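Everything quoted here is computed from the prediction, not taken from an experiment. Because only heavy atoms are used, hydrogens play no part in the values below, and waters and symmetry mates are left out as well, while side chains stay in.
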Amino acid sequence: KQISVRGGDRLHRLSAPPHPPHRLSVISNGSSPLSGPVGGVGQGGLGCAMVLIREEFEARLLEAGLEMERDTEVRVYGPSFTRLHVPWQVLSREAEFLKIKVPTKKVRPPPLYSRVCVCVFNITSKDTFFDNATRSRILLHDEWARYGAFYKYQPVDLIRKYFGEKIGLYFAWLGVYTQLLIPASMVGIIVFCYGCYTVDMDVPSLEMCDKQQNFTMCPLCDGVCDYWHLSTACGTARASHLFDNPATVFFAIFMSLWVATFLEHWKRRQISLNHSWDLTGLEEEEVNTITYHTPQPHRTRGRGAAAFKERDSNPEAYKKSRYTGVEKLTWRDRLPGYLINISSILFMFGLTFSAVFGVIVYRIVVSALMAMSPDPETKSNVRVTVTATAVIINLVVILILDEIYGAVAVWLTELEIPRTESNFEQHLILKAFLLKFMNAYAPIFYVAFFKGRFAGRPGDYVYVFNDYRMEECAPGGCLIELCIQLSIIMVGKQLIQNNVFEIGIPKLKKLIRAWKGKGISLEEREEQRARPPQQWNLDYTLVPFEGLTPEYMEMIIQFGFVSLFVASFPLAPLFALLNNVIEIRLDAKKFVTELRRPDAVQAKDIGIWYNILSGMGKFSVIINAFVISFTSDFIPRLVYQYMYSQTGTMHGFIDHTLSHFNVSNFRPGNAPTSSYLSETTVCRYKDYREPPWSAEAYQFSKTYWAVLAARLAFVILFQNLVMFLSLLVAWVIPDVPKNISEQLKREKTLLVDVFLREEKEKFHLLQSLFSSKDLPSQGHPDTAHFRTLPLGLSQGLGQPPGGEGGESRVRCRAASFSQFTRQMSMSPSNNAGRQMSMSPSNDAARHTAV
């Protein structure tokens with residue numbers, strides 16, 4: 001058990017930044033390095049104050065019982081380290097203070113550690129009874145932080161012992177999430193295979209590919225684009241059926257229930273970990289740790305040892321002035337920060353929408369330019385080329401804005417001046433999630449719900465900048481484009497941001513540090529060669545730990561890809577599973593070998609992330625309902641089959657969904673300037689509108705309103721059905737596992753029995769003390785009163801049943817009885833109590849019991 005404390009310069013002037021004592025350079029395995037100017041001769045009074053603060057700090061460490069070890073050799077260059085060793089007595093004291101559960105010699109629930117009752121615990125060796133960090137680190141590297149161990153379960157208990165409960169809960173949650181992705185991936189593969197199997201039996205796809213149907217479509221752009229046959233879009237129609245088939249609806253319902261099952265399963269797992277890690281009472285312990293404001297370093301900066309004198313003379317006033325300040329911040333003080341937050345977030349939203357709009361303009365302009373090309377190959381590949389390049393541009397913009405939004409979220413949260421560290425973390429998570437959610441899903445929302453819906457119709461198109469026509473969906477529908485958009489962004493974001501960045505950035509930082517190390521002087525380089533680096537020197541060169549927010553954010557965004565738009569891409573769970581298998585070992589290797597060991601933080605749950613997951617699960621039901629209803633052709637097919645088809649089949653569906661347009665109604669400049677199909681008088685376009693020979697030409701037909709009503713009805717039905725089934729799943733699955741509930745009942749029963757037995761012992765002991773006044777015994781008064789104790793209590797005090805011989809031992813809970821007797825002796829209304837307190841024999845008996 002040792003902690004490395006970074007030292008100072010060649011004159012042993014221990015350097016420290018101008019901050020209060022809580023910011024001194026105390027590090028565990030190299031974390032929290034020194035920052036700020038180095039104190040010393042050139043710092044004047046500030047350097048002297050830093051030396052006094054450091055000496056006072058070290059004196060307090062020695063007073064707390066720690067042992068200090070310094071470097072025997074004087075280092076002329078670079079940092080020096082002071083090792084702090086924690087002896088057994090200090091470990092025992094802190095274990096008792098932290099109420100740690102440890103194994104005992106008897107088979108029963110492990111009690112809380114106590115130095116008084118140390119003989120009942122199963123201590124084979126004091127060196128290994130409490131966890132050793134070095135040994136745990138080696139085990140983690142061998143059993144967890146290797147890519148070859150991808151098929152093994154994570155050693156969650158060992159992770160918790162080395163990194164703390166907060167990081168242990170993160171990896172436990174990630175393991176549960178990855179494990180439950182296996183059934184979702186299998187069902188997604190089955191749905192995709194079903195689409196591949198039935199693509200040759202899909203009647204609408206066969207009709208689109210049938211050249212004999214001879215559907216002449218209206219031009220895709222004004223002037224330069226010609227009429228075209230629908231059969232040329234055969235490949236798009238067949239690819240669309242792979243994801244737009246009846247099995248997709250089943251998969252959307254399944255994934256909604258999967259989200260509910262995942263959340264309930266994690267609750268059960270979390271409760272099991274809380275019980276095994278002894279975190280059930282952590283909530284009450286955390287109440288007292290959030291009653292003060294965030295420490296304000298500027299109030300003690302530069303005061304040196306005067307801050308310690310103030311703390312010693314008046315600790316309550318020092319604590320209040322240090323944590324809360326003289327004046328409490330009011331809403332007027334926080335108002336500027338809130339206004340800047342709101343305006344900045346709105347500006348970031350506008351920046352995200354501007355990026356999406358820019359990509360839309362790019363698609364429109366490039367489509368028009370490629371359509372003007374004389375090369376027929378270029379014209380035929382317009383849609384594929386534009387879609388692929390636009391998605392790649394979207395991906396690059398998302399990756400850049402993600403980094404910007406992360407830094408902006410930290411800055412905005414600091415402006416709010418949160419009261420506590422937990423409040424700071426919650427506000428930071430909410431801002432970062434809101435900004436990154438909009439950044440990641442805005443292009444996908446556009447393709448799913450807005451693309452092609454405001455393009456207009458032939459003869460009355462909507463234009464951008466008065467020259468470029470708004471883009472439309474592909475002949476097979478927008479679902480295939482949504483699938484392409486989702487798959488490229490999801491896979492690209494995981495490969496580049498989640499994996500390449502996590503591997504490349506630490507390596508790059510290490511190369512930069514090595515490059516800077518080449519610029520050191522010759523003397524320092526010779527000194528480094530003469531002294532081989534110790535483990536604390538190596539740990540100090542690692543990358544500082546920056547928190548779990550980026551790790552959680554990656555998985556939450558991925559969870560949105562898996563749940564929100566899964567109806568358009570059934571293979572999303574499979575790609576998420578493959579990524580997470582690598583992500584777990586990548587994070588493990590990063591935490592063990594690339595990052596400084598973070599400070600262990602206790603946590604009862606994953607915090608606000610569970611609420612975000614639950615909200616996204618409910619939001620996914622609505623999104624999938626609208627995707628199936630408005631983006632896919634599932635509802636129009638049902639309406640046609642059961643309302644308009646004469647044979648009750650899908651034959652004639654394509655002709656039913658195409659409206660007619662008289663080419664003579666084109667506006668000047670919109671009709672093709674030159675056409676291979678010059679005899680065309682009527683072209684077709686995908687919409688439900690009245691034909692040109694109708695009295696209400698080009699108005700929405702009754703079929704349009706029937707399909708719209710069916711779509712809205714499906715959204716309501718789907719949402720209520722899935723919500724009901726999700727609530728049913730949450731009700732059927734109990735939050736507390738059965739074995740944990742039974743164990744809690746047994747522990748409660750044992751605890752009640754212990755309390756009853758102790759109260760009974762107290763009653764008998766009190767009765768014996770009162771009866772000793774009337775029945776004095778022969779011999780020594782202490783022995784007489786001690787022999788009047790009941791048999792069980794005498795054995796509990798370490799005396800044999802016969803009362804003779806044996807070495808007495810102290811009872812663990814005797815202090816409660818001593819408090820009881822003191823209260824009786826102080827009561828003025830009890831004469832017997834006063835006589836007992838004044839009697840030497842009774843006083844001796846009381847001290848014997850204690």
Side-chain angles (χ1 to χ4, degrees), residues 191 194-195 198-199 201-210 213 215 217-218 230-231 233-234 236-253 447-458 472-483 565 567-568 570 622-661 684-691 694 698-719:
V191 171
Y194 172 82
T198 59
V199 66
M201 297 179 286
D202 182 51
V203 176
S205 300
L206 296 176
E207 289 184 351
M208 288 186 65
C209 297
D210 188 6
Q213 297 282 348
F215 293 113
M217 307 298 294
C218 296
L230 185 61
S231 58
C234 176
T236 305
R238 292 174 62 86
S240 178
H241 178 74
L242 300 179
F243 307 99
D244 188 5
N245 54 71
T248 305
V249 182
F250 161 76
F251 187 64
I253 298 175
V447 175
F449 303 118
F450 297 101
K451 183 178 180 181
R453 307 198 181 275
F454 307 99
R457 60 170 180 83
E472 304 175 55
C473 292
C478 284
L479 191 68
I480 184 62
E481 295 189 32
L482 177 62
C483 175
F565 298 95
S568 62
I622 302 174
I623 295 299
N624 283 312
F626 276 93
V627 167
I628 295 173
S629 182
F630 286 90
T631 309
S632 71
D633 286 336
F634 178 74
I635 299 301
R637 292 184 182 188
L638 288 181
V639 171
Y640 173 77
Q641 184 175 0
Y642 292 103
M643 292 183 61
Y644 296 99
S645 177
Q646 298 179 356
T647 60
T649 61
M650 294 302 299
H651 291 283
F653 172 74
I654 297 299
D655 182 64
H656 177 76
T657 58
L658 297 178
S659 299
H660 298 77
F661 179 76
R684 310 292 294 273
Y685 62 99
K686 190 173 182 179
D687 206 347
Y688 292 102
R689 292 181 181 270
E690 296 291 342
S694 174
Y698 307 126
Q699 298 296 320
F700 289 117
S701 62
K702 295 181 180 179
T703 306
Y704 170 83
W705 300 110
V707 171
L708 179 63
R711 284 173 167 169
L712 295 176
F714 176 81
V715 169
I716 297 174
L717 177 63
F718 182 89
Q719 178 182 349

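Taking the side chain as every heavy atom from C-beta outward, Cys234 and Met208 never approach each other to under 4.5 Å. The shortest side-chain heavy-atom distance between Cys209 and Ser231 does not fall under the 4.5 Å cut-off. Side-chain contact between Ile480 and Leu242 is absent, with no heavy-atom pair separated by less than 4.5 Å. Residues Leu482 and Phe243 form no side-chain contact, since every pair of their non-hydrogen atoms from C-beta on lies 4.5 Å or further apart.
In this structure, Phe250 has no ring-ring contact (aromatic ring centres under 6.0 Å, His included) partners at least two apart in sequence or on a different chain. Scanning for side-chain hydrogen bond (donor to acceptor under 3.5 Å, both in side chains) contacts around Ser645 gives an empty result, with sequence neighbours left out. In this view, Glu690 satisfies the salt bridge (charged side-chain N to carboxylate O under 4.0 Å, His left out) rule with no residue, not counting sequence neighbours. By the salt bridge (charged side-chain N to carboxylate O under 4.0 Å, His left out) test, Lys686 is found to be paired with Asp633, residues two or more places apart in sequence or in another chain being considered. Phe215 pairs by the ring-ring contact (aromatic ring centres under 6.0 Å, His included) definition with nothing, not counting sequence neighbours. Applying the disulfide bond (SG atoms under 2.5 Å apart) test to Cys483 and every residue at least two apart in sequence or in another chain returns nothing. Considering only residues two or more places apart in sequence or on other chains, His656 meets the ring-ring contact (aromatic ring centres under 6.0 Å, His included) condition with Tyr640, Tyr644, Tyr688. Considering only residues two or more places apart in sequence or on other chains, Ala252 meets the side-chain contact (heavy atoms from CB on, under 4.5 Å) condition with Ala567, Asn624, Ile628, Phe718. In terms of the side-chain contact (heavy atoms from CB on, under 4.5 Å) criterion, residue partners of Ile622 (sequence neighbours excluded) are, by chain and number, Phe626, Gln719.
The line from CG of Leu658 to CG of Asp687 is 10.0 Å long, rounded to the nearest 0.5 Å. Atom-to-atom distance recorded for Thr649:OG1 and Gln641:CD is 7.5 Å, nearest 0.5 angstrom. Between the CG atom in Asn245 and the CE atom in Met201 there is a gap of 11.0 Å [rounded to 0.5 Å]. Atom-to-atom distance recorded for Thr703:OG1 and Arg689:CZ is 13.0 Å, nearest 0.5 angstrom. In this structure, the separation between CD on Gln646 and NE2 on His651 is 13.0 Å, given to the nearest 0.5 Å. To the nearest 0.5 Å, atom CZ of residue Phe653 and atom CG of residue Asp202 are 9.5 Å apart.
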Quiz: residues 704-714 side-chain donor-acceptor pairs under 3.5 angstrom, not counting sequence neighbours:
from	atom 1	to	atom 2	distance (Å)
Arg711	NE	Ser629	O	2.8

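Contact record, Ser568 with Leu479: CB-CD1, 3.6 Å, taken as the closest heavy-atom pair.
Here salt bridge (Lys or Arg N to Asp or Glu O under 4.0 Å) pairs that include residues 649-658, with residues two or more places apart or in two chains, are Asp655-Arg684. Contacts classified as salt bridge (Lys or Arg N to Asp or Glu O under 4.0 Å) and involving residues 644-654 (residues at least two apart or in different chains) are not found.
Judged by distance alone, the side chain of Glu207 and the main-chain N or O of Gly652 form a donor-acceptor pair under 3.5 Å. Using a distance-only test at 3.5 Å, with no hydrogens or angles considered, no donor-acceptor pair links the side chain of Ser694 to the main chain of Pro691.
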